[in-house]
Participant: 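Structure below; questions to follow.
We number each residue from 1, following the sequence as shown.
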Amino acid sequence: MNVKEEVLSVIDALKKAGFNPVDAVFEGAVGVKEDTVLEWVAKLDEKQLVSGVIRVIYTTDGKNIRFVEIPVGQQAPPEEK
């Protein structure tokens, strides 16, 4: 069983048990340095199907690792104080 079949099977089982599955999301990391992957993320963003950040990782002198985060998709509204 591949991952798509497994996810759909779990959603179906939850429905049969009387639950209401609302969404299924991927949490993790996908390398987006390649143009084709960036295009795919851009398409998901246009359809409001993605939420998170793209982290551009770089080094300052070959030793110190730094990163810049670029928000993608709908971000959570700021919490009221």
Participant: Mind checking the NZ-CG spacing from Lys15 to Asn20? Nearest 0.5 Å is all I need.
Facilitator: 8.5 Å
Participant: State plainly whether one hydrophobic cluster holds both Leu8 and Met1, where clusters connect Ile, Leu, Val, Met, Phe, Trp and Tyr through side-chain heavy atoms under 4.5 angstrom apart.
Facilitator: no
Participant: Tell me the closest heavy-atom pair linking Val37 and Gly31, and the distance in Å.
Facilitator: CG1-O, 3.4 Å
Participant: Tell me if the CZ atom of Phe19 is crowded by more than 12 foreign heavy atoms within 6.0 Å.
Facilitator: no
Participant: For residues Ile65 and Tyr58: do they belong to one hydrophobic cluster (side chain heavy atoms under 4.5 Å, members Ile, Leu, Val, Met, Phe, Trp, Tyr)?
Facilitator: no
Participant: Closest heavy-atom contact between Leu14 and Pro21?
Facilitator: CB-CG, 3.8 Å
Participant: Taking all atoms of both residues into account, what is the closest heavy-atom pair of Pro71 and Val53, and its distance?
Facilitator: CA-CG1, 4.1 Å
Participant: With a 4.5 Å cut-off on side-chain heavy-atom distances among I, L, V, M, F, W and Y, is there a chain of contacts connecting Val7 to Leu49?
Facilitator: no
Participant: Working to the nearest 0.5 Å, report the span between NZ of Lys33 and CD1 of Ile57.
Facilitator: 10.5 Å
Participant: So how far is it from Lys47 NZ to Leu44 CG, rounded to the nearest 0.5 Å?
Facilitator: 7.5 Å
Participant: Return yes when atom CD of Glu69 has more than 12 non-hydrogen atoms of other residues, nucleotides or ligands closer than 6.0 Å, and no otherwise.
Facilitator: yes
Participant: Does atom CG (Asp35) have a neighbourhood of more than 12 heavy atoms from anything else shown, all under 6.0 Å?
Facilitator: no
Participant: Measuring from Trp40:CH2 to Asp45:CG, what's the distance to the nearest 0.5 Å?
Facilitator: 12.0 Å
